[in-house]
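Presented below is the structure to which this report refers.
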Amino acid sequence: MSSPVPDTLLGPADVRELAAALGVRPTKQRGQNFVIDANTVRRIVRTAEVRPDDVVVEVGPGLGSLTLALLETADRVTAVEIDDVLAGALPATVAARLPERADRFALVHSDAMRVTGLPGPAPTALVANLPYNVAVPVLLHMLDTFPSIERTLVMVQAEVADRLAAGPGSKVYGVPSVKANWYAEVKRAGSIGRTVFWPAPNVDSGLVSLVRRAEPLQTTASRREVFAVVDAAFAQRRKTLRAALAGWAGSAAAAEAALVGAGVSPQARGEALTVEEFARIAEHKKSLAAGQEK
């Protein structure tokens, strides 16, 4: 009889042994909480609907728990890791545990917020356990930088997951909700308990699914212009839009003119608006400015 093949994925003992060998102690500064449960990473891969032809980019792979599960299914995986020790060790972990797939793995040793290109074919999916402290800016940067990413599944702090997936009118609807919706259809895709991490965080985690819009939002305003309206609207979220957008528009009267032109009540608040309405406000400010220049 042949001996059983060891599981390629990392369990609790494997993670702790690897960390000890590398002298790694998870730091709060980088929001490091390593997944130690193989069932959880396989569930993430299933929920992300990773396909055999996918080129997956993973941010913050850590010791490689999710990386190995992704490599079992995807065509290729590129991991972006900022930590010097973790980045140095991950290729060896992949080679030892999944040698037949090692040539399908690439490592980019960099801050994900500064990545502007990746080796190999363009990524089709983003799957990541994002550090809590930088989850939203990293997610938005990756979606903006790599338009080839069609599907995204991220594990983030439960509160952040709720904000990303919130719709207009929700108490937690805000800047992350609107900006994520600029790129994709966003929804909650499950919850993750604390015990699957080492060290166990003080908060629960959630999965968020983002499927990129088949057609970009139809607007003559740029992303930068629309996001400027969003930022201004939520900077003073208790104020009416006429007041909150006064600084952005140049005056309260100019803000009101842009709002009326966009079909939005000047007395409304940012939490009631869709991303399409924010785009219309940005468009009307442009058209009003262009009219004044003539």
Side-chain angles (χ1 to χ4, degrees), residues 28 31 33 44 47 126 128-144 152-194 197 200-213 217 219 221 223-249 252 255-256 258-260 262-282 284-285:
K28 283 187 178 179
N33 297 91
I44 291 170
T47 305
L126 166 64
N129 168 24
L130 290 178
Y132 291 166
N133 51 351
V134 294
V136 171
V138 165
L139 172 64
L140 296 176
H141 172 75
M142 295 298 287
L143 289 173
D144 190 55
T152 295
L153 187 81
V154 290
M155 178 159 60
V156 293
Q157 186 174 335
E159 183 184 342
V160 175
D162 291 338
R163 285 181 182 172
L164 283 168
S170 163
K171 286 182 179 179
V172 294
Y173 182 72
V175 172
S177 327
V178 184
K179 290 184 177 180
N181 203 236
W182 167 268
Y183 299 103
E185 298 296 328
V186 190
K187 67 177 184 179
R188 271 289 227 127
S191 299
I192 302 288
R194 306 176 188 194
F197 296 97
N202 296 323
V203 293
D204 292 324
S205 298
L207 298 175
V208 181
S209 163
L210 301 97
V211 178
R212 191 179 291 270
R213 292 172 176 270
L217 208 65
T219 176
R223 176 191 61 81
R224 191 181 299 272
E225 288 165 337
V226 176
F227 282 14
V229 187
V230 175
D231 288 334
F234 286 101
Q236 306 176 76
R237 64 184 298 153
R238 295 194 175 194
K239 291 189 175 182
T240 64
L241 285 170
R242 184 184 191 276
L245 298 182
W248 162 80
E256 180 164 351
L259 288 160
V260 171
V264 175
S265 168
Q267 301 308 308
R269 287 175 170 77
E271 63 212 45
L273 269 59
T274 63
V275 66
E276 289 84 0
E277 288 171 314
F278 280 112
R280 289 208 304 272
I281 295 167
H284 280 274
K285 183 198 175 194

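- Each salt bridge (charged side-chain N to carboxylate O under 4.0 Å, His left out) pair with one or both residues in residues 167-193, not counting sequence neighbours, appears once here: D162-R188, K179-D231.
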### Intermediate values then yes/no, side chain to side chain contact (heavy atoms under 4.5 Å, CB included), Y173 and V178
CA-CA 8 Å; Y173 182 72; V178 184; 3.3 Å; yes
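- Atom CD1 of I192 sits about 4.0 Å away from atom CG of L207, to the nearest 0.5 Å.
- Between G174 and S177, the closest heavy-atom pair is N-OG, 2.9 Å.
- Closest of all the heavy-atom pairs between I281 and A262 is N-CB, 3.7 Å.
- Using a 4.5 Å heavy-atom threshold, the side chains of V160 and L130 count as separate.
- Formation of a donor-acceptor pair under 3.5 Å by the K285 side chain with backbone atoms of W248 is found in this model.
- Applying the salt bridge (Lys or Arg N to Asp or Glu O under 4.0 Å) criterion to R237, with sequence neighbours excluded, gives E271.
- Using a distance-only test at 3.5 Å, with no hydrogens or angles considered, a donor-acceptor pair links the side chain of R213 to the main chain of N181.
- The aromatic rings of F234 and F278 are tilted relative to each other, their planes meeting at an angle between 30° and 60°.
- Counting only heavy atoms from C-beta outward, the side chains of L241 and L273 approach each other to under 4.5 Å.
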### Message
Go through it in stages, so that I can follow the logic: the residues are L139 and L164, the test is side chain to side chain contact (heavy atoms under 4.5 Å, CB included), and I'd like the CA-CA distance, side-chain angles, deciding distance and then a yes or no.
### Response
CA-CA 10 Å; L139 172 64; L164 283 168; 3.9 Å; yes
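- Considering all non-hydrogen atoms of both residues, A184 and L210 come closest at CB-CB, 3.8 Å.
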### Message
Working note: V175 + V136, criterion side chain to side chain contact (heavy atoms under 4.5 Å, CB included); need CA distance, chi angles, decisive distance, verdict.
### Response
CA-CA 10 Å; V175 172; V136 171; over 6 Å; no
### side chain to side chain contact (heavy atoms under 4.5 Å, CB included) between T152 and Y183, intermediate numbers included
CA-CA 11 Å; T152 295; Y183 299 103; over 6 Å; no
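- Nearest approach of A200 to N33, heavy atoms of both residues: C-ND2, 4.4 Å.
- Minimum heavy-atom separation, G270 to A233: CA-CB, 4.3 Å.
- Residues satisfying the side-chain contact (heavy atoms from CB on, under 4.5 Å) test with E256, not counting sequence neighbours, are R242, V260, P266.
- Minimum interatomic distance between A282 and E225 (heavy atoms only, all atoms of both residues): CB-O, 4.0 Å.
- To the nearest 0.5 Å, atom CZ of residue R280 and atom CG of residue L259 are 11.0 Å apart.
- L143 is not listed as a side-chain neighbour of W182, based on a closest heavy-atom distance of 4.5 Å or more.
- At a threshold of 4.5 Å between non-hydrogen side-chain atoms, the residues E159 and V203 do not count as touching.
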